[in-house]
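One-based numbering, in listed order, for ligands and for the atoms of each. Being a predicted model, the structure only gives us computed values, none of them experimental. Side-chain atoms are counted along with the backbone in the values below, which use heavy atoms only and exclude waters and symmetry mates.
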Amino acid sequence: LLRDHGRHEMRSPAQHPLPFHTLSTHCVEMASTESAAQLKLFGMWASSYTHRVQLALKLKGLEFEYVEEDLSNKSPSLLIYNPIHKKVPVLLHGGRPLAESVVILEFIDETWRQNPIMPEDPYERAVVRFWCHFCDDKLAPAVGAVFRSTGEEQKAAVAEVHQNLGLLEGELREGHFKGRRFFCGEAVGLLDIVVGCGSYWLSVFEEVAEVKLVDPVAFPLFHAWLRDFEAQETVREIIPPADRLLEYARGVRQYLLGLATQHATTSASSHNDGSGGSGDHTGADHSTGGTTSDQDSKDS
Ligand SMILES: N[C@@H](CCC(=O)N[C@@H](CS)C(=O)NCC(=O)O)C(=O)O
């Protein structure tokens with residue numbers, strides 16, 4: 001799925017001197033000028049949640065200052081602006097912080113009305129929110145479980161990913177999204193951003209974890225939707241190059257599997273000497289594309 005990406009020069013946020021390109025329409029230029037000084041995004045180059053916000057800002061034609069975070073050594077600013085979750089992305093608007101990517105996306109859409117990413121109709125908006133929750137609460141954790149496991153545990157996780165992709169496929173085939181190019185119509189919208197920024201990890205994980213997740217025969221409509229999403233110019237400019245994602249994912253998987261082995265050994269020995277378990281010290285965010293590890297600091 002990411003095969004084409006190498007043909008385009010795509011730079012990670014860390015390498016990309018923001019603000020982004022000159023914008024073409026008058027409306028977009030106005031919006032950019034107005035907001036460039038006001039918007040600051042704290043993110044991490046491989047974070048699909050950060051990519052969501054970058055893509056929304058890009059679709060709106062908004063310029064912003066980008067701050068790359070080292071997630072293994074978070075900046076005081078990040079901890080001040082997101083004391084609850086201590087995660088990226090955080091968007092500052094005129095000095096006021098907002099955390100949680102979907103919350104940020106809705107804020108962006110409500111603040112800058114050009115190129116809407118949410119439907120007008122309240123029911124349609126509610127449907128978008130429902131599927132955003134599905135993506136973050138069911139699909140992403142299942143994908144994360146594939147990535148950090150092996151053997152039987154991994155097989156069960158793959159089956160769960162397939163089950164969840166089957167639900168999306170069903171909605172595209174004969175459910176709410178039937179006949180639509182993107183989830184809310186002809187243009188990339190909020191739900192496409194949420195499902196799409198993250199779905200490019202599926203092919204990366206397929207290679208790294210040696211599994212098949214998006215079978216084009218089993219999930220033809222989801223597969224076609226993902227290819228269409230990834231082919232969008234704005235999306236191509238956001239997603240880091242496949243080889244960089246692959247290298248990063250390999251390192252993180254190795255790290256997580258190493259920790260799991262270490263944890264199993266420690267649990268077994270503490271069980272034997274009666275000293276009790278050690279809990280989860282991975283610091284890993286098990287959802288798609290989100291981890292805190294030494295690898296992060298190496299790459300960011
Ligand atoms: N629900 C959050 C998830 C954000 C998230 O998981 N961010 C990861 C990077 S992809 C992070 O900052 N992890 C740091 C940590 O877990 O300590 C959102 O939608 O913004």
Side-chain angles (χ1 to χ4, degrees), residues 12-14 39-57 64 66-93 96-109 117-118 128-148 189-202 204-205 208 238-240 244-245 248-249 251-253 255-256 259 279-300:
S12 72
L39 286 171
K40 190 169 184 173
L41 175 65
F42 293 79
M44 187 267 190
W45 75 269
S47 158
S48 52
Y49 300 102
T50 301
H51 299 153
R52 289 176 179 179
V53 178
Q54 288 174 310
L55 180 53
L57 291 169
F64 57 98
Y66 179 81
V67 180
E68 175 74 7
E69 277 291 327
D70 173 355
L71 294 181
S72 66
N73 181 24
K74 295 170 186 168
S75 71
S77 298
L78 178 65
L79 301 177
I80 288 169
Y81 292 135
N82 189 2
I84 309 288
H85 299 296
K86 303 176 177 64
K87 293 182 177 189
V88 293
V90 167
L91 184 72
L92 279 194
H93 177 232
R96 295 189 302 170
L98 265 183
E100 289 298 304
S101 59
V102 177
V103 173
I104 298 172
L105 295 187
E106 287 212 44
F107 169 77
I108 291 171
D109 198 44
I117 53 173
M118 269 298 247
V128 165
R129 292 185 186 114
F130 173 87
W131 286 102
C132 285
H133 280 290
F134 166 84
C135 177
D136 283 354
D137 300 343
K138 284 179 79 73
L139 180 59
V143 173
V146 170
F147 183 63
R148 65 173 191 273
L190 192 142
L191 184 56
D192 301 286
I193 296 173
V194 166
V195 181
C197 290
S199 290
Y200 48 80
W201 280 106
L202 293 168
V204 174
F205 289 1
V208 172
I238 296 295
I239 305 176
R244 194 160 181 231
L245 290 175
Y248 174 74
V252 175
R253 180 165 155 84
Y255 174 84
L256 292 176
L259 278 179
D280 180 2
H281 299 302
T282 63
D285 172 347
H286 298 310
S287 52
T288 317
T291 52
T292 304
S293 72
D294 294 344
Q295 195 68 25
D296 290 316
S297 61
K298 196 183 98 197
D299 276 304
S300 57

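Contact check for Ile104 versus Pro89: side-chain heavy atoms found under the 4.5 Å cut-off.
Heavy-atom minimum distance, Leu191 versus Cys132: CD1-N, 3.7 Å. Here the closest heavy-atom approach between residue Tyr66 and residue Trp45 is recorded as OH-N, 3.7 Å.
With Lys86 contributing its side chain and Pro83 its backbone, the two residues share a donor-acceptor pair below 3.5 Å. The backbone N or O of Val90 sits nowhere less than 3.5 Å from a side-chain atom of Asn82 that would complete a donor-acceptor pair.
Of the candidates Lys74, Met44, His85, the one placing a heavy atom closest to atom 17 (O) of ligand 1 is Lys74. If you check each of Val88, Val102, Asp136 against atom 7 (N) of ligand 1, the one with the closest non-hydrogen atom is Val88.
The shortest N or O to N or O distance between Ser101 and ligand 1 is below 3.5 Å. In terms of polar-atom proximity, Ser48 is not counted as a contact of ligand 1, lacking any N or O under 3.5 Å from an N or O of the ligand.
Close contacts between ligand 1 and Pro89 involve ligand atoms 20 (O) [criterion: under 4.0 Å to a heavy atom].
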